[in-house]
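Each remark here refers to the structure printed beneath this line.
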Amino acid sequence: MSAAALAAATGQLFFKLAGGFAFSFYFAAGVICYGIGAILMVYAYRFGKLLVLNPVLSTGYVFALLFGFFFLNEEITFLKIVAVILICSGVSLLGKTDD
């Protein structure tokens with residue numbers, strides 16, 4: 001599911017780089033990344049538990065934050081760092097199973 005979140009976040013980055021609705025290389029790459037992410041999500045949901053997989057999907061927000069910082073020169077504030085810590089904490093707590 002982390003790979004699906006990474007693929008979706010990469011698709012979002014390519015859509016942002018496309019700069020609009022005009023068809024371009026970035027737009028096509030975004031569609032492909034989103035498609036890969038969707039296929040990975042369906043596969044994961046088919047064989048995994050929803051209670052475990054759904055919180056892991058929220059790691060896409062962390063990937064989007066990092067992509068924004070490294071590729072789009074966006075600022076990472078203290079509140080964003082706190083949010084990432086909370087997301088990672090929640091994923092690690094909810095991702096633990098008894099079996």
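For the single chain, residues carry numbers from 1 onward in sequence order.
- A heavy-atom distance below 4.5 Å is found between the side chains of F15 and V31.
- Pairing each heavy atom of F27 with each of A18, the nearest pair is N-CB, 3.8 Å.
- Here OG of S24 is found 10.5 Å from CZ of F14. Values are rounded to the nearest 0.5 Å.
- I32 forms part of a hydrophobic cluster together with I36, L40, judged by ILVMFWY side-chain heavy-atom separations under 4.5 Å.
- In the hydrophobic clustering of this structure, M41 groups with L50; members are Ile, Leu, Val, Met, Phe, Trp, Tyr whose side-chain heavy atoms approach within less than 4.5 Å, directly or through other members.
- Between atom CG of residue L86 and atom OG of residue S89 there is a gap of 6.0 Å, rounded to the nearest 0.5 Å.
- I39 belongs to no hydrophobic cluster with other residues, because no ILVMFWY side-chain heavy atom falls under 4.5 Å from its own, directly or through intermediates.
- Linking ILVMFWY side-chain heavy atoms closer than 4.5 Å, directly or via other members, places F25 and L17 in a single hydrophobic cluster.
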May I have the list of side-chain donor-acceptor pairs in residues 52-79 shorter than 3.5 Å, sequence neighbours left out?
from: N54; atom 1: OD1; to: Y45; atom 2: OH; distance (Å): 2.8
from: S58; atom 1: OG; to: P55; atom 2: O; distance (Å): 2.5
from: T59; atom 1: OG1; to: V56; atom 2: O; distance (Å): 2.6
from: T77; atom 1: OG1; to: K80; atom 2: N; distance (Å): 3.4

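- Closest of all the heavy-atom pairs between A4 and G37 is CB-O, 3.6 Å.
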